[in-house]
Number of protein chains: 2
Amino acid sequence: MVQQEADPRTRVIAAADELFYRRGIQATGMDEVRAAAGVSLKRLYAEFPGKEQLVLAVLAARHEMWEQGIAGAAAHAHDARGRLLAIYDFLETWFGDDSFRGCGFINAFGELGASSPAVADAAREHKASFQHYVQGLATEAGGDAELAAQLALLAEGAQTTAAIAGIVEPALHARRAAEVLIRVATGR
Amino acid sequence: MVQQEADPRTRVIAAADELFYRRGIQATGMDEVRAAAGVSLKRLYAEFPGKEQLVLAVLAARHEMWEQGIAGAAAHAHDARGRLLAIYDFLETWFGDDSFRGCGFINAFGELGASSPAVADAAREHKASFQHYVQGLATEAGGDAELAAQLALLAEGAQTTAAIAGIVEPALHARRAAEVLIRVATGR
DNA sequence: TTGCGCCGAGAACGATCGTTCTCTAGCGTA
DNA sequence: TACGCTAGAGAACGATCGTTCTCGGCGCAA
């Protein structure tokens with residue numbers, strides 16, 4: 001069910017990512033991943049010594065995709081404020097995707113954060129990295145760390161709200177709230 | 001491990017709530033719930049015909065606790081704006097609790113939303129109810145539905161950020177952002 | 001061609017879990 | 001006392017899952 005030309009490791013990660021995200025990690029068996037990736041169980045375990053390592057690899061890949069998505073949306077903006085607001089435009093298109101089911105890190109944290117410290121750390125690092133990204137842009141736009149934290153809060157809230165309600169509007173509300181907060185924090 | 005004087009049904013819900021929330025729903029076995037509630041397996045299944053019904057009962061109880069917490073925090077405020085800001089004060093004390101592990105509905109949705117429509121609906125209804133509550137206060141404070149959605153977004157984002165990062169500050173950032181949004185939306 | 005090593009297919013294993021069944025002790029009533 | 005009902009303790013069952021093991025075939029070197 002995944003492009004057969006890629007190397008096995010990439011195929012496994014792509015298949016696992018899709019299944020883990022769509023149906024949940026614990027609800028997805030290693031044998032389903034094997035079947036979807038078109039790979040033998042022996043190779044799967046040769047590549048990833050256990051399910052937890054596969055989960056961590058999937059989260060790492062998802063983190064890369066997130067960073068590329070954010071960076072791609074920011075590419076067309078011409079100042080820091082535009083790059084900040086591009087975050088919410090990116091969220092809007094993401095929320096509109098049929099496969100959208102919330103933030104994979106939040107989902108993984110809720111499912112495994114209590115039993116797998118490594119997964120909890122991966123979620124923490126992903127969110128910290130996003131915070132850091134926003135903070136750099138907020139500073140460049142003339143705001144401070146508090147503004148950055150607030151803009152990140154809006155993005156987080158939009159993701160969970162859009163996932164549970166199944167709508168894209170939270171991205172728009174978050175974007176307009178961000179505009180107000182940026183304007184006030186940077187003194188227009 | 002729960003107060004033994006309450007009736008069995010209440011004891012089961014309290015024990016299940018604690019275990020489900022702390023360790024995850026799928027990671028908690030019915031036998032652990034039985035042991036923690038000090039109840040026989042037969043009685044457990046007489047009270048709840050299956051695990052899903054128990055989960056739904058736990059979510060219903062958690063929804064009641066949430067509403068009481070929000071209402072309790074709002075009780076000391078003397079206007080709608082104060083009651084809106086009381087939400088974030090409530091969040092701050094909640095985040096400071098050692099047992100805090102994020103919003104139970106978001107966690108349950110991430111874990112079971114894909115496989116249990118009933119659980120997904122429970123999460124949706126809980127969030128919709130909160131939206132409705134915020135909207136009533138926002139209207140009373142002179143704002144509109146968009147302000148309400150934005151204030152709710154801040155609360156949602158604060159919950160997930162505080163849970164993953166393990167800090168209480170998101171409540172403070174959300175509160176100050178809410179103050180700005182309310183001031184701007186209501187024309188000071 | 002013959003032997004060898006690698007790899008895929010899938011059976012097998014052990015653990016866990018949701019759910020049901022069995023057995024027995026206790027209790028109220030005739 | 002004898003009987004029948006209830007409920008608790010926990011064994012049992014069937015399914016699932018992560019992980020490992022076995023077997024058989026294919027390619028490659030001599």
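Naming convention: chains lettered A, B, ... in sequence-line order (proteins, then strands); numbering from 1 in each chain. Just so it is clear, the model here is predicted, and its values are computed rather than measured.
- Every residue two or more places apart in sequence or in another chain was checked for a side chain to side chain donor-acceptor pair (under 3.5 Å) with Glu125(B), and none qualifies.
- The list of side-chain hydrogen bond (donor to acceptor under 3.5 Å, both in side chains) pairs with a residue in residues 53-63 of chain A, not counting sequence neighbours, reads Asp17(A)-Arg62(A), His63(A)-Glu67(A), His63(A)-His126(A).
- Contact annotation: Arg43(A) does not reach the phosphate of dC7(C) (side-chain N/O to OP1 or OP2, under 4.0 Å).
- Under a 4.5 Å side-chain heavy-atom cut-off, the cluster of Ile, Leu, Val, Met, Phe, Trp and Tyr residues that includes Leu44(B) is completed by Val12(B), Ile13(B), Leu19(B), Phe20(B), Ile25(B), Met30(B), Val33(B), Val39(B), Leu41(B), Tyr45(B), Phe48(B), Leu54(B), Val55(B), Leu56(B), Val58(B), Leu59(B), Phe105(B), Leu112(B), Val119(B).
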(request) Report, as a single string ordered 5' to 3', how protein heavy atoms within less than 4.0 Å touch nucleotides 15-22 of chain D: B base, S sugar-phosphate only, - not at all. (result) ---SBB-B
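- Pairs engaging residues 73-84 of chain B under the side-chain hydrogen bond (donor to acceptor under 3.5 Å, both in side chains) rule: Arg83(B)-Glu140(B) [sequence neighbours left out].
- Residues passing the salt bridge (charged side-chain N to carboxylate O under 4.0 Å, His left out) test with Arg101(B), sequence neighbours excluded: none.
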